[in-house]
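The shown structure was predicted, so the numbers you read here are calculated from the model rather than taken from an experiment. We name chains A, B, ... by the order of the sequence lines, and we start the count at 1 in each one.
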Amino acid sequence: MKKLLKRLIIDSATKHLYVSLYKGNQELTSYYKKGNNDHSEKLMPEIKRQLDTSNIQVSDLDEIIIGIGPGSYTGLRIGVVVAKMFGWDQDITVKEVSSLALIASSYDQEGFILPEIDARRGNSFLGLYKNKDNKLLLIEKEELTNLETYKTNLTCEFTVLSEGKPNITKILNSSVLREVKDIHTLTPNYLRKTQAEKSLETNK
Amino acid sequence: MIVLSVESSCDETSVSIIKDGTNVLSNVVLSQIDIHKAFGGVVPEIASREHIKGITYVFEEALMKANINKHDIDLVAVTKGPGLIGSLLVGINGAKAFALSNNIPIIGVHHIAGHIYANAIKETFKFPLVCLVVSGGHTELILMKEHFSFEKLGETLDDAVGEAYDKVARTVGLGYPGGPLVDNLAQQGTPTYDMPDISLGDTYDFSFSGIKSHIINTVHNLAQRKEKLNVENLCASFQKTVTDVLLQKSLKAIEEYDAKMFLVAGGVAANKDLRRKITEQIKQVEVIIPDFSYCTDNAAMIGVAGYYQYQKYTLDESMGLSGKSRVELK
Ligand SMILES: [Zn+2]
């Protein structure tokens, strides 16, 4: 019999904090709630609670799936550093997934989905996905731009989605996961240089 | 007791392993200073990005150098603040994950308690003691009557002393960080320039914004009159005034509280003039100044402080622990 993988899934890139435990394709327990800039207080207690109620230790995990953004930087880093530390400390396979793909996965119907994460100053993190036969496909590469501008360049029918509980079964079914080969190199996908770096470049 | 400690409050990612509060088995510091130099100061978002890039390397090296088994670690101690919030949260959540992964209790340590306890690596504390905390973010005189009891006698009302050094360095066209640059030039000069009185009378409080403005005005006026500025002498004048006031208030506190020991803590403890003045002029009590490597931010100091904090409170703060950019030393 094939061993059922124990998986921990984390995404802290948006206002919503998502944590779940899976055994094979089966959800054991999950958390999906809007936070108040408090992912740092909420994430680790929630992971501990889920592990405790499922009688699983960190060292028992076979795989960690981490939403690597794009998204709100401080929140995003909290999930990524936890996944990185677990992966490094216990030598667990870590797979990264776009936080936009996680939002898109929540949409049940067939068709095009435009997941959107607020990036402030009138901009959003965006990417066009397609849901087909319970599989998620990235159609247009993710970028940081104005939502309305992005929309006018699209010719297809689509649904804009700013939140939604990730559908991990669909994520596992699609080709949106990327295995992290060297855990030390795991970092968030910021999709944007810092203001300081940009100013330094323009002043050169 | 073996403590693994983590410090990430500003621009150094550091992990240390310490046995019984004094024996530093490893103290790995990954400094970002060369990255921030290009920007003339620490850029918070860049600092946070660098912390998450480096954190597992630093953990790995600290464990390797200490040559211990992970299962021998009894406590994880991590800086809870004050500091840059984005930077703090990388260290705190990394430390929490490590603690949960290995079933080890965890506590949050005040950054300044860490600076103070860097001195406990060298000597056993004798109470009451007076500690002068001088860094880029702090200028405080603290009275300790026992372990982990901090009474603030006075503090800066405006800029921290390290901040004043950075601003003076910028005014006279030196680079960043300003402290060591101004200190080095001051060694080559004589204090010939007039400086304002910054003693604030009889209190234990400090103020450095007045002398900073005075320096800016002096440089400006000389430039207008097309007179030549002697940078070495200006640095020497500034440094003499500043170190004099630090020394004078420390002496007063030692006397008033009948201290048995005097400590210096924080990055500015590396200042050559300050070290010399203190060792030459404070003779009535035992004086401890940390080695240069423990003056700047490092995890060893957090581990030592964490060891004593845990002796006193034995409190596992567990997974709810979080960071704060501002937090009182209690
Ligand atoms: Zn410090």
Side-chain angles (χ1 to χ4, degrees), chain A residues 8 10 12 37-52 57-61 64 68-69 72-92 94 180 182-188 190 192-201 203-204, chain B residues 4 6 8 13 15 35-61 63 70-71 73 76 80 84-104 106 108 317-325:
Chain A
L8 168 69
I10 305 170
S12 62
N37 269 332
D38 57 357
H39 290 353
S40 178
E41 283 93 352
K42 291 276 166 63
L43 176 61
M44 285 304 299
E46 182 53 30
I47 291 175
K48 185 173 181 339
R49 189 194 65 76
Q50 294 195 8
L51 290 170
D52 288 351
Q57 302 265 324
V58 176
S59 53
D60 297 331
L61 293 171
I64 296 167
I68 55 151
S72 139
Y73 304 148
T74 298
L76 169 58
R77 271 189 290 264
I78 289 163
V80 174
V81 76
V82 168
K84 187 171 185 174
M85 192 56 70
F86 284 164
W88 165 75
D89 189 50
Q90 300 289 350
D91 211 3
I92 303 165
V94 177
V180 180
D182 175 2
I183 191 67
H184 290 305
T185 63
L186 174 63
T187 50
Y190 299 105
R192 168 159 64 181
K193 283 188 177 169
T194 62
Q195 198 53 50
E197 287 167 303
K198 279 190 248 169
S199 323
L200 198 66
E201 276 165 17
N203 292 338
K204 252 177 196 163
Chain B
L4 177 142
V6 182
S8 70
T13 320
V15 174
I35 296 163
H36 297 286
K37 263 181 190 162
F39 305 100
V42 176
V43 182
E45 176 57 23
I46 293 178
S48 304
R49 291 185 181 194
E50 292 300 317
H51 283 302
I52 199 165
K53 263 196 212 164
I55 191 156
T56 50
Y57 288 113
V58 178
F59 262 83
E60 193 161 282
E61 203 180 321
L63 281 165
K70 269 193 319 189
H71 305 288
I73 299 169
V76 174
K80 64 178 178 187
L84 303 170
I85 191 66
S87 291
L88 284 166
L89 293 185
V90 173
I92 289 167
N93 285 283
K96 285 201 286 187
F98 182 83
L100 183 69
S101 180
N102 295 288
N103 294 309
I104 308 168
I106 182 166
E317 290 175 78
S318 196
M319 295 301 125
L321 174 67
S322 196
K324 277 204 178 114
S325 56

For this session: Would you please name every residue forming a side chain to side chain contact (heavy atoms under 4.5 Å, CB included) with B:Glu60, sequence neighbours left out?
Result: A:Trp88, A:His184
Exercise. Looking at residues at least two apart in the chain, or sitting in another chain, which of them share a side chain to side chain contact (heavy atoms under 4.5 Å, CB included) with A:Ser59?
Worked result: A:Gln57, A:Gln90
Distance check, rounded to the nearest 0.5 Å: [X] atom [atom1] versus [Y] atom [atom2]?
X: B:Asn93; Y: A:Ile78; atom1: CG; atom2: CD1; result: 5.0 Å
X: B:Ile85; Y: A:Thr74; atom1: CD1; atom2: OG1; result: 8.0 Å
X: B:Ile52; Y: A:Leu186; atom1: CD1; atom2: CG; result: 7.0 Å

For this session: Select one option (side chain, backbone, both, neither) describing which atoms of B:Leu63 are under 4.5 Å from chain A's heavy atoms.
Result: side chain
Exercise. Where does B:Phe39 contact chain A at under 4.5 Å (heavy atoms): side chain, backbone, both or neither?
Worked result: side chain
Would you name the heavy atoms of [X] and [Y] that are closest together and state the gap between them?
X: A:Ala196; Y: B:Ile46; value: CB-CD1, 4.2 Å
X: A:Asp89; Y: B:Ser101; value: OD2-OG, 2.6 Å
X: B:Ala97; Y: A:Met44; value: CA-CE, 3.7 Å
X: B:Leu89; Y: A:Ser40; value: CD2-OG, 3.3 Å

Exercise. Any idea which of B:Asn102, B:Val43, B:Ile55, B:Ile92 has the most non-hydrogen atom pairs under 4.5 angstrom with chain A?
Worked result: B:Asn102
Please look at [X] and chain B and tell me whether the side chain, the backbone, both or neither of the residue comes under 4.5 angstrom of a heavy atom of that chain.
X: A:Lys42; answer: neither
X: A:Val58; answer: side chain
X: A:Leu43; answer: neither

If you count every heavy atom of other residues, nucleotides or ligands that lies below 6.0 Å from [X] atom [atom1], does the total exceed 12?
X: A:Asp52; atom1: CG; value: yes
X: B:Lys324; atom1: NZ; value: no
X: A:Lys198; atom1: NZ; value: yes
X: A:Asp60; atom1: CG; value: yes

Exercise. Short question: side chain of A:Lys48, backbone of B:Leu100 - any donor-acceptor pair under 3.5 Å?
Worked result: no
Exercise. Does B:Glu45 come within less than 4.0 Å of A:Arg77, counting only side-chain N to carboxylate O?
Worked result: yes
Exercise. What do the steps show when you test B:Arg49 against A:Thr187 for side-chain contact (heavy atoms from CB on, under 4.5 Å), and what is the final call?
Worked result: CA-CA 8 Å; B:Arg49 291 185 181 194; A:Thr187 50; over 6 Å; no
